[in-house]
Amino acid sequence: MSNLTETILLNIISLKPTTRAEFDHARTLATRKLHVCLPSNRTLLEAYQNLVKKKSIKSDPRLEQFLQKASIRNLSGIAVITSMVKSFYCPGKCVYCPTEIRMPKSYISTEPAAARALQLNFSPYEQMQRRIDMLEKNGHKCDKIEYIIKGGTWNAYPIRYQYWFILESFKACNNLTRQKPISQTKEKYWNNKLIIELQTAIEKEQRYNETAHHRIIGVTLETRPDAIVPKTIQHMRLQGCTRVELGLQAVDDKILALIKRGHTVKQFEDAIFLLRTA
Ligand code: SF4
């Protein structure tokens with residue numbers, strides 16, 4: 001980080017902006033005064049973080065908000081982080097759903113989140129840590145995370161894959177707190193192990209996560225109404241699921257049949273009933 005950016009920031013601070021408009025104006029005035037190009041908010045944020053670290057300035061939540069790229073992303077104080085599961089079979093045959101060979105069903109590799117996941121080989125650990133890193137570099141707090149897992153039908157994935165994906169996601173968060181990070185595991189490491197061992201490992205990570213710097217406070221899983229049965233609900237609970245996305249496409253059986261959705265409105269209602277009462 002150049003001292004010049006820190007000088008620009010100190011100039012901005014000296015103008016005491018109280019609104020985003022005033023901050024933008026102060027930024028323009030500071031760069032004009034110093035005859036330099038307008039730095040990005042991200043560069044200024046890095047300068048701000050350095051200055052706070054050096055105790056040259058006090059931390060200022062309002063200034064941090066002005067420097068954030070998109071403060072709307074965690075306006076509620078909760079960072080939303082999305083990861084994507086690997087390419088896999090989906091029992092659905094919905095006519096509108098895109099299929100791309102290397103992607104999970106219904107996602108195409110040109111979507112930003114999907115492209116990121118593909119680049120990281122759908123590693124739950126890497127997806128979580130990269131996203132936290134990116135959000136924090138842009139000034140967003142990630143101490144409370146609403147975690148959304150996207151791609152295909154969650155319950156159609158092998159049960160060990162489901163548990164492993166969640167385990168590694170929690171571990172990715174926890175390792176940012178741990179003095180000695182725990183090694184990642186590959187999916188195949190669990191192939192010959194009992195489900196109970198995976199469940200125990202997840203429980204341990206979930207407990208650690210309760211006091212970690214990056215806490216997952218909610219887990220959303222995507223699935224189909226006809227995949228909701230008592231057994232799947234039990235697994236989803238143990239995985240830490242707090243919200244299920246069922247994706248009702250229409251409230252008319254004729255339309256559901258036409259789009260080959262593969263379930264009826266009644267099945268959707270039954271799934272909701274089961275989720276509420278299980
Ligand atoms: S259930 Fe979802 S992922 Fe599967 S085919 Fe239908 S829309 Fe696509």
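Worth saying up front: this structure is predicted, and the values here are computed from it rather than measured. All ligand and atom numbering here is 1-based and tracks the order in the structure.
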Practice task
Taking atom types as modelled, find out whether Gln184 and Glu126 have a side-chain donor-acceptor pair closer than 3.5 angstrom.
Solution key: yes
Problem - Nearest neighbour in protein (non-hydrogen) for atom 6 (Fe) of ligand 1 - result: Cys94 SG, 2.3 Å
Problem - Pair Tyr48-Asp60, side-chain donor/acceptor within less than 3.5 Å - result: no
Problem - Contacting atoms of ligand 1, where contact means under 4.0 angstrom from a heavy atom of Tyr96 - result: 7 (S)
Practice task
Classify the ring geometry between His263 and Phe268 as parallel (under 30°), tilted (30 to 60°) or perpendicular (over 60°).
Solution key: parallel
Practice task
Number the atoms of ligand 1 from 1 as they appear, then name those within less than 4.0 Å of a heavy atom of Gly92, with their elements.
Solution key: 5 (S)
Handout entry: Whether Thr177 side chain and His213 backbone form a donor-acceptor pair below 3.5 Å
Key = yes
Exercise for the section: State the CD1-OG1 distance between Ile108 and Thr99, to the nearest 0.5 angstrom. Expected result: 11.0 Å
Completion exercise
among protein heavy atoms, the one nearest atom 8 (Fe) of ligand 1 is Cys97 SG, 2.4 Å
Practice task
May I ask you to decide if Lys86's main-chain N or O and Tyr161's side chain share a donor-acceptor pair within less than 3.5 Å?
Solution key: yes
Exercise for the section: Could you check atom 1 (S) of ligand 1 against the protein and tell me its nearest heavy-atom contact, residue, atom and distance included? Expected result: Arg224 NH1, 3.3 Å
Fill in the blank from the handout: If you scan protein heavy atoms around atom 2 (Fe) of ligand 1, the nearest is Arg261 NH1, 3.9 Å
Exercise for the section: Check whether any N, O or S atom of Cys90 sits under 2.8 Å from atom 6 (Fe) of ligand 1. Expected result: no
